[in-house]
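The basis for the numbers below is simple: all heavy atoms, side chains too, and nothing from hydrogens, waters or symmetry mates. Sequence lines set the chain letters: A, B, ... in the order given, protein chains first and strands last, and positions in each chain run from 1.
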Amino acid sequence: MNDAAETHRDFVRQIVEDDLRTGKWDGRVQTRFPPEPNGYLHIGHAKSICLNFGIAKQYGGQCNLRFDDTNPEKEDTEYVESIMEDVRWLGFDWDDRLYYASDYFEQLYQWAEQLIQQGLAYVCSLPLEDIRTGRGTPAIPGVPSPYRQRSVKENLDLFRRMRGGEFPDGAHVLRARIDMAHAHMLLRDPIMYRIRHAEHHRTGSKWCIYPTYDYAHGQSDSIERITHSICTLEFENHRPLYDWYCQALGIHHPQQIEFNRLNLTYTMMSKRRLLELVKGGYVTGWDDPRIPTLRGLRRRGYTPEAIRAFCAYVGVTKHNATMDMGVLENHIREDLNRRAERRMAVLDPVKVVITNYPEGQSEQLPAVNNPEDASAGSRMVPFSRELWIEREDFMEDPPKKFFRLSPGREVRLRWAYFVMCTGVVKDADGRVTEIHCTYDPATKGGDAPDGRKVKATLHWVSVPHAVTAEVRLYDHLFRCEDPDEVSDPSLDWKSNLNPASLTLVQQARLEPALGTATVGSRFQFERLGYFCVDADSKPGQPVFNRTVTLKDTWAKEQSKG
RNA sequence: AACCCGGUGGUGUAAUCGGUAACACAGCAGAUUUUGGUUCUGCUUUUCCAGGUUCGAGUCCUGGCCGGGUUACCA
């Protein structure tokens with residue numbers, strides 16, 4: 001988007017370049033994207049994917065895809081499949097480097113025995129609650145577990161029996177022996193293994209003890225010879241532990257680097273909350289176009305190119321930041337403005353009758369497909385005596401700055417003719433049911449040979465040729481920038497869900513060319529926005545999703561009051 | 001509270017290691033336009049505070065203040 005982005009190096013890339021220069025990793029750059037398969041990928045993950053795969057590509061390295069699947073109770077192959085699909089859709093490829101932390105369970109186990117042998121790990125038989133209280137508080141040092149001094153022999157025996165399935169869940173854990181008085185709570189003898197008699201989506205019932213994140217992550221990086229282990233800021237606190245395990249084990253020791261995760265206004269990225277919205281029926285599924293999952297965005301009509309450009313734009317730093325949703329929207333507008341063909345569609349139709357156009361007659365008029373791209377060519381659109389136009393494009397008694405159709409005023413119908421409003425027909429309630437106009441045959445195509453100008457150009461659809469469609473108009477998921485901002489403490493973030501996040505238009509009228517559009521194809525509906533064909537479409541009954549509106553300075557003007 | 005991290009316009013970032021604070025978006029004004037779109041031009045707005053070092057500090061030092069993360073047998 002700007003030239004600075006071409007030359008600027010964020011702080012992670014600066015580290016990588018420094019390491020390359022000093023030969024720290026023998027010129028290697030090896031990164032990884034390590035999702036836990038317990039949810040669907042969202043745009044926050046896209047930032048991480050772009051960073052990890054992007055750095056690898058830029059510096060001639062590689063990026064692995066690794067599933068961090070150490071918690072059998074939350075994870076599922078459903079998520080594994082979707083994650084792979086979404087990473088590919090975004091435009092990245094891990095070649096043959098698909099890994100799972102669960103593939104390393106045996107090695108991790110052996111290393112745990114090694115730490116026991118070194119006197120750096122022990123089996124603790126305290127109940128969960130006692131472990132927690134024994135850890136103390138930041139102000140009060142923890143007290144050593146009574147099991148802290150168990151002999152290597154006893155620890156080994158118990159740990160092997162833990163693996164052997166002799167104990168119920170929670171009976172014992174394996175803990176690292178570090179420092180119960182450490183100012184850093186995470187270093188007060190953290191848990192390495194817990195007993196869980198649970199079916200793992202990949203290892204089945206082979207294991208009944210599972211490593212914790214802290215015990216598994218650095219070592220998994222180490223096994224894969226990762227050089228730069230890039231993660232989000234909330235893992236900063238875990239780095240001492242990451243380093244401790246690698247050092248204690250004497251194994252390849254990658255550098256963990258933390259960056260700021262992506263936050264967006266009017267939405268929310270928490271996996272837990274996304275799950276709640278899906279399970280609670282607040283949205284229609286993981287691909288609901290209102291949520292920021294990659295599949296939601298895809299169904300909404302976002303392109304991988306726009307998402308990647310956005311991720312490059314947002315920047316990588318160490319402080320928390322919230323991007324305005326408008327910036328994401330600008331990126332899809334920019335992409336689609338270049339690529340999407342234009343069509344005409346009327347969402348809230350009102351009938352126009354061209355009184356001086358012969359009844360029963362119609363004609364085909366050429367229309368440019370994309371003014372930004374001459375190679376997109378043109379198409380023919382049918383014109384006839386009766387047309388649909390947008391109800392809001394007509395006002396009987398217009399304010400000063402309104403320059404669309406009103407009685408006595410002339411406007412242009414896009415690619416067709418100048419028309420002049422000569423009158424209206426209303427129903428008993430005073431609602432306009434028909435607008436009467438005359439057209440000027442000399443203005444065919446939209447230009448007046450006498451050089452006279454009009455202030456507005458309207459989109460329109462010929463009544464007898466129109467295709468009827470359902471159009472889904474999406475708006476922000478939440479009605480305020482920060483979903484957590486609740487006035488009444490008895491309410492939670494869900495009370496901020498936007499009741500108008502979806503508006504259904506059942507009887508939109510489209511130009512006929514839109515009747516055969518294929519699922520996933522994207523168009524600009526002139527003057528309205530970008531739309532894409534939804535998978536719910538049936539032959540003859542297309543369904544369109546609004547990706548984003550066009551910028552609308554008239555709407556802005558109106559909202560000023 | 002302790003530990004870790006961070007504070008640059010409204011927002012997001014930059015300033016190549018001490019040398020004139022800049023870019024984008026948003027906002028405002030205007031031009032162009034067969035989309036009130038696109039494009040183009042101009043304008044508004046910035047280094048958390050207080051000391052110190054220095055010819056010179058957004059950058060270094062000290063002390064505050066403010067914000068975030070963490071204090072799980074989740075990741």
C1' atoms of B:rA21 and B:rA57, separation to the nearest Å: 12 Å

Proximity of A:Phe402 and A:Trp554 rings by center, below 6.0 Å: yes

Nearest listed nucleotide, side chain of A:Glu372, among B:rU35, B:rG37, B:rA72: B:rG37

Residues A:Asp221 and A:Ser229: side-chain donor-acceptor under 3.5 angstrom: yes

Donor + acceptor pair across side chains of A:Arg196, A:Asn71 (<3.5 Å): no

Residue A:Val173, side-chain heavy atoms: nucleotide from B:rU35, B:rU38, B:rC73 that is nearest: B:rC73

Pair A:Glu17-A:Tyr59, side-chain donor/acceptor within less than 3.5 Å: yes

Closest to side chain of A:Arg414, choosing from B:rU35, B:rU71, B:rG36: B:rU35

Touch class at under 4.0 angstrom, heavy-atom based, for A:Gly170 against every strand present: base

Distance below 4.0 Å between A:Arg333 side-chain N/O and B:rU35 OP1 or OP2: no

Any donor-acceptor N or O pair under 3.5 Å, side chains A:Arg412, A:Thr443: no

Aromatic ring proximity A:Phe523/A:Phe531, centre distance under 6.0 Å: no

Salt bridge (Lys or Arg N to Asp or Glu O under 4.0 Å) pairs, two or more places apart, involving residues 120-131 of chain A: A:Glu129-A:Arg132

Proximity to the side chain of A:Asn330 - top-ranked nucleotide from B:rG36, B:rA26, B:rG37: B:rA26

A:Thr317 side chain near B:rU13 phosphate (N/O to OP1/OP2, under 4.0 Å): yes

N/O donor-acceptor pair, side chain A:Asn237 with base B:rG69, under 3.5 angstrom: yes

Nucleotide nearest A:Ala139 when distance is taken to its side chain, options B:rA75, B:rC73, B:rA1: B:rA1

Inter-nucleotide C1' distance (B:rC60, B:rG19), Å rounded: 15 Å

Separation of atom NZ in A:Lys401 from atom C1' in B:rG30, rounded to whole Å: 14 Å

Under the salt bridge (Lys or Arg N to Asp or Glu O under 4.0 Å) test, residues paired with A:Arg527 that sit two or more places apart: A:Asp393

Value in whole Å for how far the C1' atom of B:rG12 lies from CG of A:Asp10: 14 Å

Nearest-neighbour nucleotide for the A:Arg342 side chain, B:rG37, B:rC73, B:rA75 considered: B:rG37

Among B:rA75, B:rU35, B:rA15, the nucleotide that comes nearest once only the side chain of A:Glu234 is considered: B:rA75

Any A:Asn260 side-chain N or O less than 4.0 Å from OP1/OP2 of B:rU13: yes

Closest non-hydrogen atom pair between A:Arg135 and A:Met180, with its separation: CA-CE, 4.0 Å

Side-chain-base donor-acceptor pair under 3.5 Å for A:Arg9 and B:rU16: no

Nearest-nucleotide pick for A:Arg196, side chain only, options being B:rC73, B:rA26, B:rU38: B:rC73

Pairs satisfying salt bridge (Lys or Arg N to Asp or Glu O under 4.0 Å), at least one member in residues 263-274 of chain A, at least two apart: A:Arg273-A:Asp484

Sugar-phosphate, base or nothing in reach of A:Phe235, heavy atoms under 4.0 Å: base

Close approaches to RNA chain B from residues 178-190 of chain A, in residue order (heavy atom, under 4.0 Å): A:Ala183, A:His184, A:Met185

side-chain N/O A:Arg527 vs B:rG36 OP1/OP2, d < 4.0 Å: yes

Mutual orientation of the aromatic rings belonging to A:Tyr266 and A:His476 [parallel < 30°, tilted 30-60°, perpendicular > 60°]: parallel

Sugar-phosphate, base or nothing in reach of A:Ile191, heavy atoms under 4.0 Å: sugar-phosphate

Letter per nucleotide, 5' to 3', of nucleotides 5-11 of chain B [B base touched, S only sugar-phosphate touched, - untouched; heavy atoms, 4.0 Å]: SSS---S

Interatomic distance at C1', B:rG37 relative to B:rU70, whole Å: 47 Å

Whole-Å gap separating P (B:rU35) and CG (A:Asp393): 14 Å

Aromatic stack A:Trp554/B:rG36: centroid gap under 5.5 Å, interplanar angle under 30°: yes

Validation row, ring centre A:Tyr109 to ring centre A:Phe159 under 6.0 Å: yes

Sugar-phosphate only, base, or nothing, as touched by A:Glu36 at under 4.0 Å among non-hydrogen atoms: sugar-phosphate

Interatomic distance at C1', B:rA75 relative to B:rC23, whole Å: 36 Å

C1' gap between B:rG67 and B:rC28, integer Å: 31 Å

N/O (side chain, A:Thr553) to phosphate O (OP1/OP2, B:rG37) under 4.0 Å: yes

Atom C1', compared across B:rG7 and B:rA14: separation rounded to whole Å: 16 Å

Intra- and inter-strand pairs of RNA chain B in dot-bracket (Watson-Crick or G-U wobble, both distances under 3.5 Å; | for another strand): (((((((..((((.....[..)))).(((((.......)))))....(((((..]....))))))))))))....

Between B:rA26 (C1') and A:Glu329 (CD): distance, integer Å: 12 Å

From B:rG37, B:rC28, B:rA72, nucleotide with atom closest to A:Pro371 side chain: B:rG37

Aromatic ring pairing A:Tyr242/A:His217, orientation class (parallel under 30°, perpendicular over 60°, tilted between): tilted

Separation of the P atoms in B:rU20 and B:rG56, to the nearest angstrom: 15 Å

Polar side chain donor-acceptor pair, A:His238 to A:Asp214, under 3.5 angstrom: yes

Aromatic centroids of A:Phe383 and A:Trp460 separated by under 6.0 Å: yes

A:Lys551 side-chain N/O to B:rU35 phosphate OP1/OP2 under 4.0 Å: no

